[in-house]
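First the structure, in the form of structure tokens, and then the observations on it.
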Amino acid sequence: MTAIARLADDHYVDGFGVKTLFECVPFEDPATLNTSRLQCPIPDDGFHAEGIEYVALLDAVERFAGGGNFCALEAGAGWAPWLAMAGVVCKAKKVEKIRLIGLEASAERFALMAEHLEFNELSPRHGVAVELFEGAVWSHDGVIYF
């Protein structure tokens, strides 16, 4: 399944079908967003990631979702672009059990992560197991600065 990359009033849709609210990417101007690069992000999507990162995620889904289960974890998730892509791609491939685990320390970005996943219908009420943790990983308990 391939979606047509396009812009809407408050979000864009990439070639994989992932919907991203513009509030998730305040560093990108919707007026100059190149939808052709969102359709097929090779060599990159123009603002977020290089093609090899997309290939790695798609390869992981292809290799490991064949048994009907797939689990993705994104640490330092921000708005969880990779969790959303993993979930959307797995749903398109009819993967039966999808589990998404996100970890984000910024309270603002954590809220965006939850909103972004729900916006893409990736939540328990849509048949997807989602566990989100607000915090950071460090070698010991205590306060960290980032």
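If you're wondering where the values come from, they're calculated on a predicted model, not measured in any experiment.
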Checklist entry - Does the separation of the ring centres of Phe119 and His11 fall below 6.0 angstrom? => result yes
Item to check | Ring centers of Phe110, Phe133 separated by less than 6.0 Å | outcome: no
Heavy-atom check, side chain of [X] versus side chain of [Y], under 4.5 Å:
| X | Y | answer |
| --- | --- | --- |
| Val61 | Cys90 | yes |
| Leu122 | Lys91 | yes |
| Leu73 | Leu83 | no |
| Leu112 | Glu23 | yes |

[X] (side chain) donor-acceptor with [Y] (main chain) under 3.5 angstrom:
| X | Y | answer |
| --- | --- | --- |
| Asn120 | His116 | yes |
| Glu53 | Glu50 | yes |
| Gln39 | Ala5 | yes |
| Asp44 | Gly46 | yes |
| Glu74 | Trp82 | yes |
| Arg6 | Ile4 | yes |

Next on the checklist: Using the rule that Ile, Leu, Val, Met, Phe, Trp and Tyr join whenever any side-chain heavy atoms are under 4.5 Å apart, tell me whether Tyr12 and Val18 fall into a single cluster.
Outcome noted: no
Checklist entry - Does anything in residues 23-42 pair up under ring pair (Phe, Tyr, Trp, His ring centres under 6.0 Å), and if so which pairs, sequence neighbours excluded? => result none
